[in-house]
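Not measured: the values here are computed from a predicted model. Naming: A, B, ... by sequence-line order, numbering from 1 per chain.
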Amino acid sequence: MKKISSLFLLVLSFTLVKAQDSLQTLLLSEVIIHSVQTESDTLQNFYRANQSANTEDILSRMNGVYLIRRSAYGQEPVIRGMSGGQINVTIDGMRMFSACTDKMDPVTIYVEPQNLQSIDASLGTNGTSMGSTIGGSLNLRLAEPSFQKNKIKGSAGAGYQSISNGTNYYTDINFSQANSAYRASLIYRQNQNYKDGNGQIVDYSQFEKTNFSFAGKWRMNKDTLKANFLIDEGRNIGFPALPMDVGKARATMYSLSFSRHTNAGWLTNFDAKVYANEVYHQMDDSQREVLMHMDMPGWSTTYGAYAEAKIKRLNNHTLQVRSDLYHNQLLAEMVMYPGDGSSMYMQTWPDSYRTVAGVYVADDIRLPGRVKMNINARLDAANTTIKEGFGKDQLEVFYPTFSSSTQKLIKSFNATARKPLFNNFVVTLHGGYGERLPTNAELYGFYLFNRQDIHDYLGNPHLNIEKSLTSDFGIEFFNSWLELNGTLFYQYNPDYILAYVDAQLDAMTPGASGVKVYENISHAQFWGLELAALVAPMKYIQLISNFKGTRAETFAGDPLPFIPAFKNVSTLRFKKNVFSTQLEWEGALSQNHVSSSFGEQKTPAYSIFNFRSGYQLPTEKGKWSINVGVENIGNRYYREHLDWGGIPRPGRNYYCSVDYRF
Amino acid sequence: MKLRLISTGIIMTILLSFSCSEDEIQINPTEGLTKIAEGVAVNANTKVEVWTDEEQLFVGYNRLYAKLTDATTGETINESLVQFMPMMSMVSGMNHSAPVDNPGSEQAVNSLFIGGVNFIMPSGPDVGSWKLKVKVRNQIKNVEDFAELDMSVTTPEKTRMQSFTTEAGMKYFVSYFFPNKPKVGVNDIEVMIHTKQSMDAFPGVTDFTIGMEPEMPSMDHGSPNNVSPTHTANGHYAGKVNFTMTGEWRIHLNLSKGELGKAMYFDLDID
Ligand SMILES: [Cu+2]
Ligand SMILES: [Cu+2]
């Protein structure tokens, strides 16, 4: 399986410095970022070395990946302009779903850099190994306990950010014995309201969170058993771009997995996992001045299992098979308290559940002329049911005869070919077809207020699955000191799901100007590119740069909402011995191709600089590292296009962190 | 919570499978109802019990359920004429009746004879007292008699009956009624319009046109896809009203009949 890896750049810096000949291999295969323990000199580690960086900072620098920002914390990943139910976000292969009707809790927030091993990204329809998707997938791998010579290893650190008076502390510890190893990590972050480039405080931008994980690993011959537990609790998370904040949000994850690595028989690898996770989200406006207060709690519970096997190479084929199953249950409520009179209750996500079982098969084929092909296909059978009772009664007001259960088959198919050309080029062609289920919110959502376009959103239980035809054309060039990589893509999405105003309907939320209902439109199309360059003229100096952009329109030529502006991040890095320093330039073009019917405003171009530096101090038993830096050096007042509500980004931020690794 | 639901479900299923004989479902016919009064129609040797949906009778439309038993044997009587005759003795010395719906058939439905009364005034020491005569017929002896029952009628917290008098001096009584307890979702609703012909005669008015619009006053929104009530029989108008959340709702009614137009509303709590 070959993924178009967005992390390619981050890894390249590591590869190039390390060994020239491994470069090509890395370019051609799936990319894995190594965990902290390997202490490999990756750029991701460099970002992580800034202890206040979070997973979002890493995601935002990945190729093809963008973030919708509604607050300082809890940004929602977007892949090439697609998000939500269009993309697939998994943690260690586990399906997990938000419990917030306002998308405050993308599941990526539950993995902190300290317990992140790597992020695998696939763009377009090609990311179906973990589940059906049309926009792409992100799989966040959790750090595992490792077997090491030292019985106990670990680290502890603290960081400070000036712009939000933020502090964060973290520690992790690894304990290993002959056949068992354990790892625990604990992270705490606290940030107050930050200031923008004009020195104005951005109200409701504070947050606080604690993340704890514990993992055990036991090995017997070729078998490994792993158990994982993670709990993440956020408190008092402000959402400046939304009318509500989070009082408390809690996510717990449990998993048990088994793997066997063998060369006997026809199997090479076998992995299986059972898991459960639960999200509770408590959203309220108790800190806001509003005419009528409301509480909006939500619950999401998922159970799942999968098994996957790699089959020994046969002639020119290497097969991978995976089958998976998950069951997700969702409920979100809204209770409104008028000044006098009884409270009002409704279910904004009616009590519903979804069960999906799927099979995925991939074949890596070696063809003559050094051509490699990957063909993969997935088939999912899905049942979605809204439970009888309150939530269904509610929706019957709009859809008197809708049936409470729907069954769908979801199909996807992809083919990728890669061919080296001359000595320095590789050309990639990908074509694929994918489908995705409408989310329960799109099917059954009930008067969900969208602050951006000031409309209440209503689900449509008659929605059809959304489809996509994706094509990618990529070209890579490399020599001893230069790497260039470019990808052009085009996606044609029939039955694209988009919400339109239904003038017949009255808004529910005070202040909302109307009601939008989800529909399948004829089609939408996306196109764009990703460019990446790595220059390493000297051993100590690297320049990496990546440029990404997407355009998207409906069949009628109207701009789709929430399409990021063309953006570039370039990093010039100097590293010698214990000292490293880095200058980053980040900028975006203006986005004028906006959807006014979705309340979007045009976003001006921006350009900011960041400076980072690190110093390492080895001692007898361990190593100290000190990091200091400045972000947004020019104290620019700016925002990105996917930042909701015109909320500006932080102004100049000084940060520092100290940690000790042993 | 889920587990409890499931186990309750299982227990219910077991109970049901034990309590259901093959051809009849013996659910207590007065389950969920409140007994208002009982008395005996002596000459018909029939004991009459009157039940209703809510805890007590109120000013407005009350569905009444008559349960008849043989006064001697206590056996349920399933066939009889049943007529409700409400009568109010006012403190002022005047007597009057109220709009009435009598059971449509002489056959009981699940052992009950169902009708209704729109009590147009409350009872009380300053106002007067209500009596309900329930006329029954002993099928065997072919003797008709009535039981006379005292009714206490309260003023509900939220108005459920309104009356108005036209310039021409016609008096109309408007009340509403939910065949099933109103809930969030789609609800059947009946609006009843009666007029006063004499102290004893309050016939239904069949030719009003009703416009209906629910509203949530505290939030200033309504609900879509309501069906305005249209006339079915005896001054009853049936429609559908939709509530999208719990809380306090207001049902606006626009009544029109020829030149006559009248707007009014009823407030109610949905939970
Ligand atoms: Cu929320
Ligand atoms: Cu309301």
Side-chain angles (χ1 to χ4, degrees), chain A residues 278 290-294 296 299 301 303 327 329 331 333-348 350-351 353 386-402 446-449 456 458 502-515 517, chain B residues 1-10 12-13 16 156-159 178-189 211-229 238-252 265-271:
Chain A
E278 202 168 20
V290 288
L291 288 172
M292 184 165 57
H293 281 288
M294 50 181 91
M296 296 182 71
W299 296 264
T301 309
Y303 305 96
H327 175 83
Q329 208 161 318
L331 169 66
E333 299 174 339
M334 182 170 185
V335 187
M336 290 157 283
Y337 306 96
D340 51 328
S342 41
S343 64
M344 296 169 273
Y345 170 89
M346 57 189 223
Q347 292 185 356
T348 43
D351 208 348
Y353 60 85
I386 180 169
K387 291 190 197 164
E388 296 294 329
F390 195 96
K392 183 166 187 234
D393 291 348
Q394 255 183 185
L395 212 58
E396 276 176 350
V397 168
F398 299 89
Y399 306 100
T401 56
F402 82 100
F446 201 70
Y447 285 122
L448 291 167
F449 180 62
D456 282 332
L458 189 71
D502 184 336
Q504 308 288 318
L505 300 177
D506 259 2
M508 182 282 296
T509 307
S513 57
V515 175
V517 183
Chain B
M1 159 76 173
K2 194 173 66 190
L3 205 69
R4 206 169 62 213
L5 274 180
I6 292 170
S7 56
T8 319
I10 291 168
M12 292 275 285
T13 317
L16 281 175
E157 219 174 284
K158 287 179 171 143
T159 307
F178 286 94
N180 302 301
K181 190 178 186 310
K183 59 169 175 40
V184 168
V186 180
N187 297 278
D188 289 323
I189 186 172
M212 181 183 68
E213 190 95 51
E215 186 209 355
M216 203 163 206
S218 63
M219 296 187 70
D220 207 23
H221 67 74
S223 69
N225 304 328
N226 297 282
V227 180
S228 286
K240 284 187 194 298
V241 63
N242 300 330
F243 303 116
T244 50
M245 63 181 73
T246 69
E248 291 171 16
W249 285 83
R250 177 169 289 175
I251 299 175
H252 292 274
Y265 63 77
F266 291 100
D267 285 336
L268 70 162
D269 262 332
I270 302 299
D271 47 32

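- By the salt bridge (Lys or Arg N to Asp or Glu O under 4.0 Å) test, A:Glu333 is found to be paired with no residue, residues two or more places apart in sequence or in another chain being considered.
- Heavy atoms closer than 4.5 Å to chain A are found nowhere in B:Asn187, neither backbone nor side chain.
- Only the backbone of A:Ser343 comes within contact range of chain B, with at least one heavy atom under 4.5 Å from a heavy atom of that chain.
- Taken from CG in B:Asp271 to NZ in B:Lys183, the straight-line distance is 13.0 Å, to the nearest 0.5 Å.
- Side-chain contact check for B:Ile251 versus B:Phe243: some heavy-atom pair is nearer than 4.5 Å.
- Per-residue counts of heavy-atom pairs under 4.5 Å with chain B were compared for A:Pro400, A:Ser342, A:Pro510, A:Ala507; the largest is that of A:Ser342.
- Seen from the ring of A:Phe402, A:Lys392 counts as a face-on cation partner, given the 6.0 Å and 45° thresholds.
- Both the backbone and the side chain of A:Phe398 come within less than 4.5 Å of a heavy atom in chain B.
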